[in-house]
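To start, the structure itself, in structure tokens.
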Number of protein chains: 2
Amino acid sequence: MSVCPDQLKTIPERIFCQLREAIVEGRIPAGSKISEADLAHTYGISRGPLREAISQLAAVGLVERRANVGARVIELSSRQLLDIFHVREALEGMAARQAAHNMAPEQIAELRRTLEEHGRQISEEAGNTYFQQSGDLDFHYTIVQGSGNQRLIKLLCHDLYYLVRLYRYQFGMRSKRGPAALAEHRHIVDAIERGDGEMAELLMRAHIRASRENVERMLAEKAAS
Amino acid sequence: MSVCPDQLKTIPERIFCQLREAIVEGRIPAGSKISEADLAHTYGISRGPLREAISQLAAVGLVERRANVGARVIELSSRQLLDIFHVREALEGMAARQAAHNMAPEQIAELRRTLEEHGRQISEEAGNTYFQQSGDLDFHYTIVQGSGNQRLIKLLCHDLYYLVRLYRYQFGMRSKRGPAALAEHRHIVDAIERGDGEMAELLMRAHIRASRENVERMLAEKAAS
DNA sequence: ACCACTAATATTGTCGACAATATTGAAGAT
DNA sequence: ATCTTCAATATTGTCGACAATATTAGTGGT
């Protein structure tokens, strides 16, 4: 059940990982307070390590902390959501560009497999869109890894993607862009495979921009009702 | 002397700020060990708050921490330096694009003033390039603020720019691109002023790319000797 | 002289108690 | 009835001591 690797030596590391997962999945609801005493008791540890874990959560932006008041799980406004999309457009565009230059053949093959899996999920139509979205994130994840840029990897895979997952739980949006997104993914991999960084970046940016515009439409609908 | 605002309520916040400044300016040398006991004694505080401060430093990537071993100030490899440049190219390009759409007239005026100041420093030729570089960073800082994208602002102004300052101290490079950079800055502001986001992004990316290529040349020279 | 193993030391990790601050509730005044 | 003030309570911030782990020094063996 727990996705947190056991080799995390120290208590703060483990608790941080568990809390992050709980927040991202919504088990700790957005806006709710993080009580040190409660959680320390729940996990059977002292407040010291717990505080360090909370500090880490604050550092990656999953909770907001105020001195002498405590920490609360963030609530993503639509403004912040669009901010994230713009950051992703910039960073993942660059990731695709660098992946086109640096990605090993084996990594590209893995990318193709992810794509096939994604296509299978769509055609099955059993269509729990959750798995589709999970597959979508796997795709982006693999490309970022393929960029070989350690800082890019940290920013996206270790920080921003958790926020993306949080938003998907929080807003509960089912995209319906599945087939279109898959086609875009294919074109991106093609560009990467032939080493065309310029085109890979353009396509990745267009892909994320389309996704953002889709979200903007859904937000507008929601606001109208 | 201290740049850390006094309104930082809690001890970890203050210590974090002070340590960050000390690291960025090289008073705590790259690669040196951060001893909890020593620093706690130096600052006259307990180890608890100090540990939180160190955790924050690790979170922004200024120190590396290993369980049961301790924290060391990072040493930037040229690889990591180039990684940072690629990230900056992507993020600041996007910042310029959004600044062209969102920047208030007063902010643009401030940008012009920064530019004039920068020009004055160059013509004076008294040319302590440190101040030039400081002015350069002010320029980039102001544009990012003008983007209005909170996440972009945090990533660049609160995290990445400290690494940039660290590298400038660590590598001690004096750019000599002053005049060229100034001209590029002017063109970027022009594009922002007329609301041309596309052009502002292109120019900003070209500007940072030129800076990176300059650094690559200097690294190659250094490696040759 | 060099290596392996062990003991001594130093450093980090964790805990429980106390201090400082914020929040809550009740009492009193207008 | 509403607002203000102030005390009671709860929560966070800080500290010093102890436990666990890594590093170092020393000893013995080959």
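This structure is a prediction, so every number in the text was calculated from the model and none was measured. Numbered from 1 within each chain, the chains take letters A, B, ... in sequence-line order.
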Mind checking if A:Gly70 touches a base, just sugar-phosphate, or nothing, with heavy atoms under 4.0 Å? sugar-phosphate
B:Leu50 atom CG is separated from D:dT14 atom C1', nearest whole Å, by 13 Å
Are any of the side-chain nitrogens in B:Arg212 or B:Glu216 under 4.0 Å away from the carboxylate oxygens of its partner? yes
Side-chain atoms of B:Pro12 come closest, of C:dG13, C:dT14, D:dT14, to D:dT14
With no hydrogens and no angle check, just 3.5 Å: does a side-chain donor-acceptor pair link B:Ser147 and B:Arg97?
no
Regarding the side chain of A:Val69, the nearest nucleotide among D:dT14, D:dC15, C:dA22 is C:dA22
From NZ of B:Lys9 across to P of D:dG13 the rounded distance in Å is 13 Å
* Asked: Quick one: is the NZ or CZ of B:Arg209 closer than 6.0 Å to the six-membered ring centre of B:Phe85, and within 45° of its axis?
  -> no
Separation of D:dC15 atom C1' from A:Arg51 atom CZ, nearest Å, is 12 Å
* Asked: Base, sugar-phosphate, or nothing: which does B:Ile54 touch, judged by heavy atoms less than 4.0 Å apart?
  -> nothing
| Should B:Arg47 be listed as having a side-chain N or O under 4.0 Å from OP1 or OP2 of D:dG16? | no
Separation of D:dC15 atom P from B:His41 atom NE2, nearest Å, is 14 Å
With the side chain defined as heavy atoms from C-beta on, A:Ile11 is closest, among C:dT14, D:dT12, D:dT14, to C:dT14
A:Arg65 atom CZ is separated from D:dT12 atom C1', nearest whole Å, by 9 Å
Closest of C:dT12, C:dG13, D:dG13 to the A:Thr10 side chain is C:dG13
Looking only at C:dT14, D:dC15, C:dT21, the nucleotide nearest the B:Ile45 side chain is D:dC15
Taken to the nearest whole Å, CD/B:Glu52 to C1'/D:dT12 is 10 Å
Quick note, A:Pro49 side chain, CB onward, closest among D:dT12, C:dT14, C:dG13 is C:dT14
Of C:dG16, D:dT12, C:dT23, the nucleotide closest to the side chain of A:Ser46 is C:dG16
(request) Could you tell me how the ring of A:His185 sits relative to the ring of A:His207: parallel (under 30°), tilted (30 to 60°) or perpendicular (over 60°)? (result) perpendicular
One pair to check against side-chain hydrogen bond (donor to acceptor under 3.5 Å, both in side chains): B:Arg65 and B:Ser55. What are the steps and the verdict?
CA-CA 8 Å; B:Arg65 208 180 199 188; B:Ser55 289; 2.7 Å; yes
Nearest-nucleotide check on DNA chain C, B:Ile34 vs A:Ala67; residue mapping nearer the 5' end is B:Ile34
Between CZ of A:Arg72 and C1' of C:dA22 the distance, given in whole Å, is 13 Å
ask   = Can you tell me if the side-chain N/O atoms of A:Lys33 get under 4.0 Å from OP1 or OP2 in D:dT12?
value = yes
B:Glu36 atom CD is separated from D:dC15 atom P, nearest whole Å, by 14 Å
